[in-house]
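Numbering of residues begins at 1 and proceeds along the displayed sequence.
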Amino acid sequence: MDLDLSPKLAKKVYGDDGGSYYAWCPNELPMLRQGNIGAAKLALAKNGFALPRYSDSSKVAYVLQGAGVAGIILPESEEKVIAIKKGDAIALPFGVITWWYNKEDTELVVLFMGDTSKGHKPGQFTDFFLTGANGIFTGFTTDFVKRAWDVDDDTATALIGNQKGKGIVKLDANFKMPEPKPDHRKGMALNCEEAPLDTDIKNAGNVVLLNTKNLPLVGQVGMGADLVRLEGNAMCSPGFSCDSALQVTYIVNGSGSLQVVGVDGKRVLETIVKAGNLLIVPRFFVVSKIADPDGLSWFSIITTPNPMFTHLAGSIGAWKAISPEVLQAAFKVPAETEKLFRSKRTNDAIFFPPPK
């Protein structure tokens, strides 16, 4: 496989003083197109309002920074107005209409990653705006708008032409948006920074899995996700997705070294990853990471709602399950070497603390 797997940064697509929308381009990150994966970021300034829209793709949203309000309307359902903050993951199935608003001083940044296999463009999200200069109202004639919504000429003209913004606008500071309702949040979002840890290795790292058990809506999205946090100089065991899923990874904080090994034992990627980078590991390829001194954290989506991984090192590594004689023959080493190999990493699983 000669695809360019090197991590990339998002590029600005549109925006104004209310905020900006960024996306990763499949021409620069070919695995997006091959894997039918889209990735984008929404950044809203204070009083920034992302106009109501729906997408041609199911997604998982993850709040990277700040706090705000999201409106979510599932098909044939009432609007859910929820408070969102850093660490929140939200599943967005097909047909969902969303809007996003930031009333705080800190910029609100939301990451979107999802499946574009049914979209208009492989590897890219296409959003359809309900309002604005590029909204659906502008495409219909005034007569159609009047007839469909049973309004007069003046109202139809206002609906079509008043909102000059595209995608993102800045509201007046005194404008009152809907207040979030605590009961609306249940089942809609999970804060990965506050959720119970699925794995926690002292001085090494931890992981929170997002699946149908803790956020059932991911079943409709068809993807799982995880938030992984590595301590400084710790290592994540070499491993691969054993259910043919793709792993799409966004580096949230920190930096570190990453290696990916593919077909015929070829190292297909060796690089330094930093906050803001996005990369995709092909199916069945083995990946491992070592954090720099300040640590490394990443948020990933996996293209199956309940992902499974095989780890090749550590106490739960696949090597431990293989017969000693088989390993001795496979590595072509004496029994003493096989015993030494098997005796290592008997207490550490998935994450390994820095060497002493």
Scan side-chain atoms only and decide if [X] and [Y] contain a donor-acceptor pair under the 3.5 Å cut-off.
X      : Y      : answer
Thr155 : Asp152 : yes
Asp143 : Thr141 : no
Thr337 : Lys339 : no
Ser57  : Asp115 : no
Arg33  : Asn27  : yes

Straight-line distance of [X] [atom1] to [Y] [atom2], nearest 0.5 Å:
X      : Y      : atom1 : atom2 : answer
Leu42  : Leu44  : CG    : CG    : 4.0 Å
Leu51  : Asp127 : CG    : CG    : 11.0 Å
Leu258 : Leu5   : CG    : CG    : 10.0 Å
Leu29  : Gln34  : CG    : CD    : 11.0 Å
Ile37  : Thr303 : CD1   : OG1   : 6.0 Å
Ile72  : Ile84  : CD1   : CD1   : 8.0 Å

Counting distance only, does the side-chain N/O of [X] pair as donor-acceptor with the main-chain N or O of [Y] below 3.5 Å?
X      : Y      : result
Ser58  : Val221 : yes
Asn191 : Lys86  : yes
Asp200 : Leu197 : no
Asp226 : Val228 : no
Arg53  : Gly167 : yes
Thr126 : Asp56  : no
Asp16  : Gly18  : yes
His184 : Val81  : yes
Asn102 : Ala45  : yes
Glu79  : Gly71  : no

Check the angle between the aromatic planes of [X] and [Y] and answer parallel, tilted or perpendicular using the 30° and 60° thresholds.
X      : Y      : value
Tyr54  : Phe128 : parallel
Phe341 : Phe331 : perpendicular
Tyr62  : Phe299 : parallel

Item to check | Chi angles and distances behind the side-chain hydrogen bond (donor to acceptor under 3.5 Å, both in side chains) call for Ser6, Lys8 | outcome: CA-CA 7 Å; Ser6 58; Lys8 298 292 192 298; 2.7 Å; yes
Checklist entry - Can the ring centroids of Trp100 and Tyr21 be said to lie less than 6.0 angstrom from one another? => result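 Aromatic pair excluded; centres sit 6.0 Å or further apart.
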Checklist entry - Got Gln124 and Thr116 here, is their nearest side-chain heavy-atom distance under 4.5 Å? => result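 SC-SC contact between Gln124 and Thr116 ruled out.
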Next on the checklist: Using side chain to side chain contact (heavy atoms under 4.5 Å, CB included), reason through Phe112 and Lys41 one step at a time and then give a plain yes or no.
Outcome noted: CA-CA 6 Å; Phe112 301 94; Lys41 282 196 298 188; over 6 Å; no
Checklist entry - Hey, any chance Leu227 and Tyr250 share a hydrophobic cluster, counting ILVMFWY side chains that come within less than 4.5 Å of each other, even indirectly? => result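 Same hydrophobic cluster.
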Atom of [X], atom of [Y] and distance for their closest heavy-atom approach:
X      : Y      : answer
Ile97  : Pro52  : CG2-CB, 4.4 Å
Thr106 : Gly66  : CG2-CA, 4.2 Å
Gln328 : Ala335 : NE2-N, 3.4 Å
Met113 : Phe125 : C-CZ, 3.9 Å
Tyr101 : Gly48  : CD1-O, 3.3 Å

Next on the checklist: Evaluate Ser237 against Phe352 for side chain to side chain contact (heavy atoms under 4.5 Å, CB included), listing each step before the verdict.
Outcome noted: CA-CA 7 Å; Ser237 166; Phe352 309 141; 3.6 Å; yes
Checklist entry - Under 6.0 Å from the CZ atom of Phe140, do we count more than 12 heavy atoms belonging to anything else shown? => result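 Result for CZ/Phe140: open.
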Checklist entry - Around atom CG of Asp150, are there more than 12 heavy atoms of other residues, nucleotides or ligands at under 6.0 Å? => result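 Counting other residues, nucleotides and ligands, CG of Asp150 stays at 12 neighbours or fewer.
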Item to check | Trace of the ring pair (Phe, Tyr, Trp, His ring centres under 6.0 Å) decision for Trp99 with Phe129 | outcome: CA-CA 10 Å; Trp99 56 262; Phe129 297 93; over 10 Å; no
Next on the checklist: The test is salt bridge (charged side-chain N to carboxylate O under 4.0 Å, His left out); show your working for Asp88 and Arg185 and say whether it passes.
Outcome noted: CA-CA 11 Å; Asp88 277 350; Arg185 186 178 164 87; 2.6 Å; yes
Checklist entry - Applying the side chain to side chain contact (heavy atoms under 4.5 Å, CB included) test to Thr199, which of Val207, Leu209, Val208 qualifies? => result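 When Val207, Leu209, Val208 are each tested with Thr199, the side chain to side chain contact (heavy atoms under 4.5 Å, CB included) holds only for Val207.
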Checklist entry - Given the rule in the side chain to side chain contact (heavy atoms under 4.5 Å, CB included) test, do Glu78 and Ile73 qualify, once you have shown the distances and angles that lead to the verdict? => result CA-CA 6 Å; Glu78 68 172 352; Ile73 304 96; over 6 Å; no
Item to check | Leu171/Met177 under side chain to side chain contact (heavy atoms under 4.5 Å, CB included): CA gap, chis, key distance, verdict | outcome: CA-CA 10 Å; Leu171 300 181; Met177 290 290 281; 3.7 Å; yes
Checklist entry - Are Lys85 and Glu104 close enough for a salt bridge, meaning some N to O gap below 4.0 Å? => result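 No salt bridge links Lys85 with Glu104.
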Checklist entry - If you measure from the Lys or Arg side-chain nitrogens to the Asp or Glu carboxylate oxygens, is any gap between Lys46 and Asp17 under 4.0 Å? => result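 Here Lys46 does not pair with Asp17 in a salt bridge, since their nearest N and O are not under 4.0 Å apart.
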Checklist entry - Is the cationic atom of Lys11 (NZ for Lys, CZ for Arg) positioned less than 6.0 Å from the six-membered ring centroid of Trp24 and within 45 degrees of its normal? => result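 No cation-pi geometry.
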Next on the checklist: Quick check with a 6.0 Å cut-off and a 45 degree axis cone: is Lys166 positioned over the face of Tyr14's six-membered ring?
Outcome noted: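 Not satisfied by the 6.0 Å and 45° rule.
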